[in-house]
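Have a look at this one.
Quick note: numbers below take in every heavy atom, side chains included, and nothing from hydrogens, waters or symmetry partners. This structure is a prediction, so every number in the text was calculated from the model and none was measured.
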Amino acid sequence: MKKIIFSVALLSAGITLTSCSEDLLEIEQKATNSTDSFYKTDADAKSAVTAMYATFAEEISGNEGIWNAYIMGLNYASDDVFPAGGDIADHSGFRECGEFRYDTSFGPVSALYNHIYKSIYSANLVINYFGGDKADSQVKKEAVAQARVMRAWAHMLAAQVYYQPPIVDHLIVDDKPTNAESQKAIFDFCIKECEEAMSDIPERNGQSDQEGAWYATKGFAQFVAGKSALFAGDNAKAASLLKPLVESSNYALVPGDRFRDLFHVEGDGCEEKIFEINFSANSAASTGAGWAYGNKRGRWMVANVLNWRGDDIVGGGKNPQICSTGGWGGGSINHEFAHKMLANDGDSYRRKATFLTSDEFFYDATLCPWKNDVEAGGTLSTRAEKEFDPNRGIKKDAGSFSRSDVMEVKMMMHPNDCDPNKVAGDNCNNTNLCLARLGEAYLLYAEACLASGNTAEALKYVNKIQQRAGSKTISSSVNLQTIQDEKQYELWFEGCRWFDIVRWGIAKQCWDKVLDNVPYQFDEYWTSGGTKPHKLVYEVRHPYKEANITLSFTEGKNEYWPIPQTVIEVNDQMHQVRGWANN
C-alpha cells in the first residue's frame, strides 16, 4: 500500500483518541497523493515548512480550554509566580504545577509532552522528505535547516521539562522511542542539529526585518545551540556559540522606554525578537465560530486567566483602563520577589512594565487610568480626589487570594492586544508568543562567560541589561548571584525561572520559602469603611495547612515532570526515571 499524506492535525487526533486493528488501515485511498509524488519540488518544500510552522503555532501557542500548557505549565512551576485565582480550589486544571500535587497522569504533563512531540513530528516530515540526497536545491536545503533548528528547540524544551525524554530524530514507523541516554545527550543533539543547519539557514535581514523573527534563522540556531550548551554544562561552548549572536547587527535591545512593548502587540517582530510564533487573525481559518480559531492560535481565554480578577475590582475588570477585559487573576507575582525587584530597580522601565506599586495602581493615570480619571474621560484629576473615590479599588471581604501590595502587568492583556478583527472576541490575545529574545541571550552569554573565566565580558553584558532596564542598580562586579538576580528581574513569567533554579541546584530552597505562604490583598479604603485613602496591603496566610493539605517539594523528583503515564502504557520501551520511577 502506498504511503498517504494525512493532515497533521487529524493524524495527531487519531494517535491521541483512537486505536484499532492495522487491518482496518489497509483501505485503498481515493483522490490522494502518495509521498513519492507529493514531496518533489521547491514549492512542495515551502509548503511543507509552512505547515511545520503552523503545527508549532497550534501546538505551542494553542490552548487546552482556558489555559495553555506551555505558558501556564512553565511559569506556574516557578517560585516567583502564584497561580492565584479565587481561592485554592480555583484554576485546579493547572495550579498543581506550582503546588507539586500532580502525578504521572496530570493533564498538563501529558498535554505539553504531546504538543512537543507532535511539533517534532512536523519537523521530521520536512527533514525526511527533503533532506539528504533529496536536498538538491537551496530552497530545500533552507527548509531542512529550519526544520532541524525547530526540532532542536523542541528537544531542548523536552529535556528541560522532562528527564530523559526520547530523542526522535526520524519519522517513527515500526520502531519505538526510548528514553534518552542522559539529559546531556539531548542537549548535545540540539547543539549538533543547530551547528549543522547554520550553513544553509537564512539570516535575519537587519533589525527592521519583522518577518525575520517569525521563522528559524541563523540567529535562532545560535540561540538554541548556545542555550543547550549551557544546560549541557559546556560553558566555553555556550559562550562561543552565543558570541556572534549578541554581537550581530541584525538584533538590538529595544530602548528602555519600549521595554513594555516586548510583551504586547507593539513589540511584535521588533529588533530584540529572535524568534516568536506569529499570530494572524484569520476568520477563514476557523471551521465555524471564530472562537475555534482563537482557541487554536490566539491563546483564547488565556487573557481571562492572566488579567486582573474582575470580581475583586470595584466596577469590574475593565475599570482600570489598562486591562482589556474582565479576568480571573491568575499568574500573580510573588510578593517577596516583587519587593526585591522594587528595591533593586526602583522606578525603572523594566519594573514598571512588570508590576505596579499601590500608588501607581490607584493614582498614576499615565500607567493605570481608572474610569473616573480625567485621562479616561472622567472628572477626577487630583490625588486628593482619587484617594477617597468610591468607584475604584479592591473590594473583597475575605481578601484577594494570592495577591499583595503590587499588581503585575507584564503578561496581562492590554486593550491594543485584542484581536482587531474580533475573530475570537475580546479575550483572544493578538500578541505574538516570543520564544527567544536578545535580552535572554545577553544573560545566557554573560553566565557562560563568567563560568568559563571571562569575567569582564560577563559584566559588560550584565551592565547592558541593567542600563537598558533603567535599573537604579548598576553592577561594578559580577558573580553568579548577580546573574541569577538579573535573569529573574528581566525574564519574570517568560518560561525561564523553573529551568534555571533546577540547573543551579537551588530549586528546593527556593520553593521551601514560598509553599503555603499565601498573601491575601486588601484595600484600606474599603476595610476602613472609607475613612482611609486607597492603599493596597496584605497579610500572609497558610490556607493549605488550614485545609489539611501538605505541600512539599521532593528533591530528586519535582525538578522535572514525569513521562506521561499514557506514554509508558503504550510503549514498553519507555520507563519512568528519578523519583517518579517509584510511583
Side-chain angles (χ1 to χ4, degrees), residues 5 8 33 35-61 118-157 168-171 189-228 241-242 244-245 248-251 268-269 271 273-278 280 432-438 441:
I5 307 294
V8 171
N33 294 324
T35 55
D36 294 336
S37 63
F38 185 83
Y39 291 116
K40 289 288 188 183
T41 67
D42 286 354
D44 295 338
K46 289 181 179 180
S47 177
V49 80
T50 298
M52 176 195 72
Y53 284 121
T55 299
F56 267 84
E58 291 192 10
E59 297 299 331
I60 304 302
S61 182
K118 287 176 187 176
S119 299
I120 290 171
Y121 169 78
S122 71
N124 280 338
L125 278 173
V126 178
I127 297 165
N128 184 78
Y129 290 110
F130 294 103
D133 295 339
K134 289 167 281 191
D136 55 9
S137 72
Q138 188 57 36
V139 169
K140 292 176 184 177
K141 290 177 181 178
E142 286 186 6
V144 171
Q146 291 179 60
R148 292 184 74 176
V149 173
M150 295 305 298
R151 181 172 72 176
W153 177 85
H155 277 93
M156 179 182 73
L157 176 62
V168 182
D169 60 358
H170 62 283
L171 287 179
F189 168 77
C190 298
I191 297 166
K192 183 174 181 289
E193 285 291 286
C194 292
E195 287 186 314
E196 293 182 359
M198 284 184 200
S199 60
D200 291 320
I201 202 165
E203 291 201 58
R204 188 181 194 179
N205 188 26
Q207 297 174 21
S208 62
D209 178 16
Q210 278 192 313
E211 293 186 6
W214 302 340
Y215 62 88
T217 59
K218 189 173 183 178
F220 188 49
Q222 292 163 337
F223 177 90
V224 174
K227 188 170 183 176
S228 295
L241 287 164
L242 291 165
L245 172 60
S248 172
S249 61
N250 289 323
Y251 305 93
D268 286 350
E271 62 267 36
K273 301 295 182 66
I274 299 172
F275 182 82
E276 60 187 13
I277 292 177
N278 185 34
S280 178
N432 289 345
L433 179 61
C434 183
L435 305 185
R437 65 179 176 91
L438 194 63

Please confirm whether the backbone N or O of I127 pairs with a side-chain atom of K134, one donor and one acceptor, at under 3.5 Å? no
Taking atom types as modelled, is there a side-chain donor on D44 or S47 under 3.5 Å from an acceptor on the other? no
If you round to the nearest 0.5 Å, how far is OG of S228 from CZ of F223? 9.0 Å
Determine the interplanar angle of the H155 and F189 rings, folded into 0 to 90°, and report it as parallel if under 30°, tilted if 30 to 60°, perpendicular if over 60°. perpendicular
Treating Y215 as the side-chain partner and T50 as the backbone partner, does any N or O pair qualify as donor plus acceptor under 3.5 Å? no
Does a side-chain heavy-atom distance below 4.5 Å link L435 with F56? no
If you compare all heavy atoms of K273 against all heavy atoms of C434, which two are closest, and at what distance to 0.1 Å? CD-SG, 3.6 Å
Taking all non-hydrogen atoms of both residues into account, name the closest pair between G226 and L242 and its distance. CA-CG, 3.8 Å
Here the pair of heavy atoms bringing A441 nearest to I274 is CB-CD1, 4.2 Å
Around atom CG of N205, are there more than 12 heavy atoms of other residues, nucleotides or ligands at under 6.0 Å? no
Would you confirm whether K227, through its side chain, and W153, through its main-chain N or O, come within 3.5 Å as a donor-acceptor pair? no
With sequence neighbours left out, the residues meeting side-chain hydrogen bond (donor to acceptor under 3.5 Å, both in side chains) with D209 are none
Determine yes or no for a side-chain-to-main-chain donor-acceptor pair under 3.5 angstrom, with T55 supplying the side chain and A51 the backbone. yes
Residue pair E276 / W214, side-chain heavy-atom distance below 4.5 Å: yes
Less than 4.5 Å apart, any side-chain heavy atom of M150 and any of F220? yes
Under 4.5 Å between any side-chain heavy atoms of E142 and P202, yes or no? yes
Keeping to residues at least two apart or across chains, list the salt bridge (Lys or Arg N to Asp or Glu O under 4.0 Å) pairs with something in residues 210-226. none
Which heavy atom in V139 sits nearest to a heavy atom in A45, and how many Å separate them? CG1-CB, 4.4 Å
Passes side chain to side chain contact (heavy atoms under 4.5 Å, CB included), M52 versus L125? Steps please. CA-CA 8 Å; M52 176 195 72; L125 278 173; over 6 Å; no
Would you say the side chain of H170 lies within less than 4.5 Å of the side chain of N124, judging by non-hydrogen atoms? no
Might you point out which heavy atoms bring V149 and A197 nearest each other, and give the distance in Å? CG2-CB, 3.8 Å
Starting at CG of D42, measure out to CG of D136 and round the result to the nearest 0.5 Å. 7.5 Å
Working to the nearest 0.5 Å, report the span between CG of D169 and CG of N128. 11.0 Å
Would you confirm whether N250, through its side chain, and R204, through its main-chain N or O, come within 3.5 Å as a donor-acceptor pair? yes
Measuring from atom CD of E59 to atom CD1 of I277, what distance do you get when rounded to the nearest 0.5 angstrom? 10.0 Å
Which class fits the ring pair Y39 and F130: parallel under 30°, tilted 30 to 60°, perpendicular over 60°? perpendicular
Approximate separation, where rounding is to 0.5 Å, of I60 CD1 and L433 CG: 8.5 Å
Measure the CD-OG distance between Q222 and S248 for me, rounded to the nearest 0.5 Å. 7.0 Å
Taking only residues at least two apart or on different chains, which pairs with a member in residues 189-201 satisfy salt bridge (Lys or Arg N to Asp or Glu O under 4.0 Å)? R148-E193, R148-E196, R151-E193, K192-E196, E195-K237
Is the backbone N or O of I201 less than 3.5 Å from a side-chain atom of Q146, with the two atoms forming a donor-acceptor pair by type? no
